[in-house]
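Worksheet for the structure shown next.
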Amino acid sequence: MLKQEATVHLVWIPKRRKPVLVGDVKLRLSQILTEVASEKKWIIKCLEIAPDHVHVLVEYDPSTPINSIVKAFKGRSSRYLRLEFPHLLKLPTLWTHAYFYDTTGKVSSAIIEAYINDPHHYK
C-alpha cells in the first residue's frame with residue numbers, strides 16, 4: 001500500500017509584524033524549522049523567511065493535525081530564538097497566535113512554490 005502524504009502552505013508573523021527575521025535570526029530560524037521537520041519526518045518543500053513573515057510549504061502525514069505542525073514550528077522556534085537573541089525579548093511573544101494555512105488540493109504545489117519564491121516578500 002502506498003503511503004499517502006498531504007501538503008500544506010503555512011504563513012505566520014512575528015508579534016506586531018515587527019521585521020525581526022533578518023540576519024542571524026533568519027538563518028537560525030531556518031535551521032530550527034528544518035530540525036523540527038526532520039525529527040517529525042516532514043519534508044519542507046519550500047521555505048521563505050521575509051523580515052516580517054514566514055512561508056513554509058510542508059509535506060506531512062495526513063493523520064497529523066495541521067495545528068500541531070504549526071505548534072511544533074512556532075513553539076520551538078520562539079523558545080530557541082528568544083533564548084539565543086535577547087533583543088527578541090522586547091516583544092511580548094515572538095509570534096502572534098494566528099496563522100494562515102491552505103492545503104494544496106485546490107492549487108498545485110508548484111504554483112505555491114513559485115509564489116513563495118517570488119521576490120515580492122522584500123518590498
Side-chain angles (χ1 to χ4, degrees):
M1 188 165 133
L2 291 174
K3 183 179 175 188
Q4 287 194 323
E5 297 292 334
T7 307
V8 66
H9 174 204
L10 302 170
V11 183
W12 66 89
I13 63 173
K15 191 73 169 179
R16 300 181 184 141
R17 196 133 191 181
K18 294 285 187 181
V20 296
L21 307 176
V22 295
D24 290 341
V25 173
K26 176 180 177 174
L27 193 64
R28 183 66 176 120
L29 175 57
S30 177
Q31 292 170 343
I32 294 166
L33 298 179
T34 301
E35 289 167 8
V36 170
S38 178
E39 287 173 20
K40 304 284 187 179
K41 300 195 180 354
W42 302 330
I43 298 168
I44 294 179
K45 297 184 78 162
C46 193
L47 174 65
E48 181 60 47
I49 301 170
D52 65 350
H53 65 282
V54 177
H55 283 273
V56 63
L57 184 63
V58 62
E59 191 174 280
Y60 64 101
D61 179 328
S63 65
T64 304
I66 291 171
N67 69 324
S68 66
I69 298 170
V70 175
K71 183 178 178 181
F73 282 146
K74 289 172 68 175
R76 184 175 307 174
S77 62
S78 176
R79 176 165 166 68
Y80 285 13
L81 290 174
R82 288 165 61 90
L83 282 171
E84 296 171 25
F85 300 95
H87 71 277
L88 296 176
L89 295 172
K90 293 177 185 173
L91 294 172
T93 61
L94 180 57
W95 308 118
T96 63
H97 292 290
Y99 60 91
F100 165 85
Y101 78 92
D102 196 13
T103 58
T104 60
K106 294 175 261 174
V107 182
S108 76
S109 294
I111 291 172
I112 294 173
E113 284 184 46
Y115 170 78
I116 292 171
N117 288 325
D118 185 82
H120 77 278
H121 301 288
Y122 297 98
K123 290 182 181 176

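Heavy atoms only: backbone and side chains are in, while hydrogens, waters and symmetry mates are out.
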NZ/NE/NH1/NH2 to OD/OE distance under 4.0 Å, E39 and R76 =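 Yes, E39 and R76 are salt-bridged.
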query = Are the side chains of T93 and S78 in touch, meaning some heavy atoms are under 4.5 Å apart?
reply = no
query = Heavy-atom count around Y99 OH within 6.0 Å, excluding the residue itself: above 12?
reply =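 Atom OH in Y99 is crowded, with more than 12 foreign heavy atoms closer than 6.0 Å.
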request  = Please list, chain by chain and in numerical order, all residues satisfying ring-ring contact (aromatic ring centres under 6.0 Å, His included) with Y101, sequence neighbours excluded.
outcome  =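 Listed in chain order: nothing, the list is empty.
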task = Enumerate the residue pairs fulfilling side-chain hydrogen bond (donor to acceptor under 3.5 Å, both in side chains) with a member in residues 13-22, sequence neighbours excluded, ordered by first and then second residue.
result = R17-D52, R17-H53
request  = Answer yes or no: is there a donor N or O on one side and an acceptor on the other, between the side chain of K74 and the main chain of L94, under 3.5 Å?
outcome  =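 No; zero donor-acceptor contacts below 3.5 Å.
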ask   = What's the spacing between L21 CG and L81 CG if we round to 0.5 Å?
value =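 The distance works out to 8.0 Å.
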I'd like a table of donor-acceptor pairs (distance under 3.5 Å, sequence neighbours excluded) in which one partner is a side-chain atom from residues 64-73, with atom names and distances.
from	atom 1	to	atom 2	distance (Å)
T64	OG1	D61	O	3.3
S68	OG	P65	O	2.7

ask   = With a cutoff of under 4.5 Å between side-chain heavy atoms, which Ile, Leu, Val, Met, Phe, Trp and Tyr residues group with L89?
value = none
key: Residue pair L47, V58: steps toward the side chain to side chain contact (heavy atoms under 4.5 Å, CB included) verdict   = CA-CA 9 Å; L47 174 65; V58 62; over 6 Å; no
Would you list the atom pairs, donor with acceptor, under 3.5 Å between side chains in residues 28-35 and any protein atom, with sequence neighbours excluded?
from	atom 1	to	atom 2	distance (Å)
R28	NE	E84	OE1	2.7
R28	NE	E84	OE2	3.3
R28	NH1	Q31	OE1	3.4
R28	NH2	E84	OE2	3.1
T34	OG1	S30	O	2.8

request  = Can you sort out the partners of H87 under side chain to side chain contact (heavy atoms under 4.5 Å, CB included), two or more places apart, ordered by chain and number?
outcome  = V25, F85
